[in-house]
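Following this message is one structure expressed as structure tokens.
Numbered from 1 within each chain, the chains take letters A, B, ... in sequence-line order.
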There are 4 protein chains.
Amino acid sequence: HLPIALIAGPCQMESREHALEMAAALKDIAARRGIGLIYKTSFDKANRTSGQAARGVGLEAALPVFAEIRDRLGLPCLTDVHEAAHCAAVAPVVDVLQIPAFLCRQTDLLLAAAATGRAVNVKKGQFLAPWDMKHVAAKITGAGNPRVLLTERGTSFGYNTLVSDMRGLPVMAEETGLPVIFDATHSVQQPGGQGGASGGQRQFVETLSRAAVAVGVAGLFIETHEDPDRAPSDGPNMVPLAQFEALITRLQALDAVVKGWAA
Amino acid sequence: HLPIALIAGPCQMESREHALEMAAALKDIAARRGIGLIYKTSFDKANRTSGQAARGVGLEAALPVFAEIRDRLGLPCLTDVHEAAHCAAVAPVVDVLQIPAFLCRQTDLLLAAAATGRAVNVKKGQFLAPWDMKHVAAKITGAGNPRVLLTERGTSFGYNTLVSDMRGLPVMAEETGLPVIFDATHSVQQPGGQGGASGGQRQFVETLSRAAVAVGVAGLFIETHEDPDRAPSDGPNMVPLAQFEALITRLQALDAVVKGWAA
Amino acid sequence: HLPIALIAGPCQMESREHALEMAAALKDIAARRGIGLIYKTSFDKANRTSGQAARGVGLEAALPVFAEIRDRLGLPCLTDVHEAAHCAAVAPVVDVLQIPAFLCRQTDLLLAAAATGRAVNVKKGQFLAPWDMKHVAAKITGAGNPRVLLTERGTSFGYNTLVSDMRGLPVMAEETGLPVIFDATHSVQQPGGQGGASGGQRQFVETLSRAAVAVGVAGLFIETHEDPDRAPSDGPNMVPLAQFEALITRLQALDAVVKGWAA
Amino acid sequence: HLPIALIAGPCQMESREHALEMAAALKDIAARRGIGLIYKTSFDKANRTSGQAARGVGLEAALPVFAEIRDRLGLPCLTDVHEAAHCAAVAPVVDVLQIPAFLCRQTDLLLAAAATGRAVNVKKGQFLAPWDMKHVAAKITGAGNPRVLLTERGTSFGYNTLVSDMRGLPVMAEETGLPVIFDATHSVQQPGGQGGASGGQRQFVETLSRAAVAVGVAGLFIETHEDPDRAPSDGPNMVPLAQFEALITRLQALDAVVKGWAA
């Protein structure tokens, strides 16, 4: 039972400069904290609440930036894909392809991601039970790619709110044997909660992160930004970069206790 | 306030012969009942619970069959699309492009469907509130295509079950001014309810259909099959063809009462 | 299959005069519409959101008023009981004892109500599945009182909202053989939705009533008031008395269609 | 921020001998672990799923047993009350009166409990939002009794299942300033999940306990039994006594980390 790792970064790639700054800052924190880090950012927010919302720099512009982050900073990268054709395009420059929650049942997308040989992180759909994720994982592993991560990011609970069922973490881990990640920033989303945009409850990121780490997870997914209230997407649920290291420090302390029992 | 129309057919296109037989049978029923009919069938079940499940004949094989149904039977056709590239391919041979519920927030797919000029039927995501669908519709209408239908097909309610909130029907209609359809066969799905496949509660199709018609809808979406228990998908929730006409007859009687008030 | 009956009245007994006026007004409507009527009102709102809220005239003051309504107007009466000791006290002056939803699993209260020999209307708890109500009913029928009604009034759905699952109406009816009532005014409550008080969505009373009648019910429970916005409780979800008769007329038209099929 | 305390014991008082044995065993564990303990047991299970189920020894028989546990073992005791009249009866022999979740909105019961001057532990209703509990607490504190505990025990989530929303723990604590307890054995109940009885998921008691302690709570409520599978109630969710001490030891380790930050 390895210590927790991190998947972290800003929700969307805003520019080359911003991406490199954020990646460098997170790399420093990870080095100081002795924690594994995968840099996460989206080249395209393909499912915004409103068609008017900012979507990111796009696939073409993002590819060289991912390459640069890996080359210059030595950080592994993760990004999400929305159509099967994206998979082969991004695979050369990222280490993990991520399947968005809404798309976690799209067989062609899962197979295209599997075919790249890259690790695939599947977000659990807000509409799925934890025990249904083994069928999702099997679509990828059955295609010959065993490098699958499963990420919990909240379940539909009435309207415009998600709930995090902590029972789902061990259920997914035990049924699949795969690493399970807890996404603490999307789990506090309030879908459609601000009318034409999703709201969020940043104040509960630490609450839910602590709970997940205490239950036992392979890693955490936390979006962060130097100024979340001015971020183009997911601002209400991102953690301010200035608070990130202290948060991670506390989570590592809990993780050390929990992983000590499993040793 | 027009009488209810029907979107009906078997869940997936199993073969040319099966498709033509089902379409002819439904056309006869619709003619006897004096009800508008759009023939629905899927060329690809792209999001089955299990990767091993049957997906349908595929896009290439389906195109001439849709053309034949329209030409020989004069029936308008509807099919669902899963990637943006499908839209232009199917638009020449169908009258309505359908956006699956899981994909109702995928901006590129909505825009590609809008660009065909065909009517677009968007299924409401199981994870969405009724009042969030106006943003979905606006992605299509804002692209210059006003021919949008919105379809209710159940909302996540705990695990492996959906619930049909009848308040959502007038909410969507009033907020958008668009025709609202009630999908009575997917609303009784039990996602993942049979382990590696979705279950369903066929016995409640009439219950929920009656409720929706009494509330007031533009139409009903009902999948039907001559032998649902042997159908390759959605068997547990499809209505046996032999019971279809009697069901429609009862729903028309309710609709006549309700639409009489609105006249 | 008898036509629908009504359980109707103001949420709480505000005064003798108000109770008699409301009862007389409802009696006139029921006579004009040819519909069975049970007059409902509460002598004590024992579970208000806030301890500061008005609770009603109380048990002692209410007893002679119920007696007067029955004697002068010939209307059967229903009221809710909160502790076992209430049952024997109110039984002489009312025809139906009602068990509140929160209390539907309290065995002693159910048994005390059963022991009066009066009909007992049990509201289904917001936390119960429809198929669990047969155990509730069996507590009463097993005590020798077969005169039980079951009332659907919404199910918890996330926070501060209820959803009405129309499948529950036939489930309860078929599993118990008992009359099933749909409570259209509490089903649109928003518990705690106004901070220190429950909110409500009066605009959906007709939506849900129509749905329930189309599915098939023995009766409807609808609270009404001549001026809901000034009522001491449940104002946001009560139907204005001035709109009551038109609503009932529409529901009777639907019911006639549905009960015609079952004949 | 004090270390966590325990409310623990068997679901129901089965006999004087059983109660004394369990209390003595738990006292020994608490002494070894240096943790505060309140002994919990019910004299009457007043809301069983089925009317046929065992209800416990009853109020009269229980009173001297509570007195004996307090006198001989020096353990504070907690029991639940179901009608206002119970409060004065049990107050002389217990230290904490508990309001069951279904009854948490019953004003008279809350006031009667408040009037005893004993501490009052209110279970949060499965149908209530965390932010609605401040109104419940205010009914007691407003009556002059500030000694209130609030206990989370799961929220309705679809049918026959509860979910534990960990955000509710800090919400209740911050809004009321009162100690918040996490009930780990009722949170894994499956109401009605075994047909005529509630089921339970004992395997998740530790999962949810760890999560709650990591979030930060004043105490844990855990029912335990030397042979849960033969217990007359709540067997599926009680923790075997033989596993209790190891569980508490792990929870204390997490609590020490968390309370260390708050110091």
Response to the item:
Nearest heavy-atom contact between A:Asp132 and B:Pro191 is OD2-O, 4.0 Å

Fill in: Contacting region of A:Thr161 [heavy-atom separation from chain B under 4.5 Å]
neither

Worksheet item: What part of A:Ala101 gets closer than 4.5 Å to chain B, counting heavy atoms only: side chain, backbone, both or neither?
Response: neither

Worksheet item: A:Thr155 versus chain B, heavy atoms under 4.5 Å apart: side chain, backbone, both or neither?
Response: side chain

Worksheet item: Nearest heavy-atom pair of A:Ser198 and B:Arg105: which atoms, and what distance?
Response: OG-NH2, 4.3 Å

Practice prompt. Kindly compute the distance separating CG (A:Asn47) from CG (B:Leu103), expressed to the nearest 0.5 Å.
Written response: 10.0 Å

Discussion item. To the closest 0.5 Å, what do you measure between CG (B:Asp108) and CZ (A:Arg55)?
Written reply: 4.0 Å

Worksheet item: So what's closer than 4.5 Å to chain B heavy atoms on A:Ile140: side chain, backbone, both or neither?
Response: neither

Worksheet, complete the sentence: Distance col, row A:Gln52:CD vs B:Thr107:OG1, nearest 0.5 angstrom, shows 10.0 Å

Worksheet item: Parallel, tilted or perpendicular for A:Trp131 and B:Tyr159, by the 30°/60° rule?
Response: perpendicular

Discussion item. Between A:Pro130, A:Cys104, A:Ala143, A:Gly158, who has the most heavy-atom pairs with chain B when the cutoff is under 4.5 Å?
Written reply: A:Pro130

Item to complete: Against chain A, work out which of B:Ser156, B:Ala138, B:Pro100 has the most heavy-atom pairs shorter than 4.5 Å and name it.
Response: B:Ser156

Worksheet entry | Which portion of B:Leu110 sits near chain A, non-hydrogen atoms under 4.5 angstrom | neither

Practice prompt. Would you give the length of the straight line joining atom CZ of A:Arg48 to atom CD of B:Gln106, rounded to the nearest 0.5 angstrom?
Written response: 13.0 Å

Response to the item:
Max heavy-atom pairs within cutoff under 4.5 Å with chain B, candidates A:Gly125, A:Ala84, A:Gly142, goes to A:Ala84

Worksheet item: Among B:Asp44, B:Asn160, B:Leu162, B:Val163, who wins on heavy-atom pairs under 4.5 Å with chain A?
Response: B:Asn160

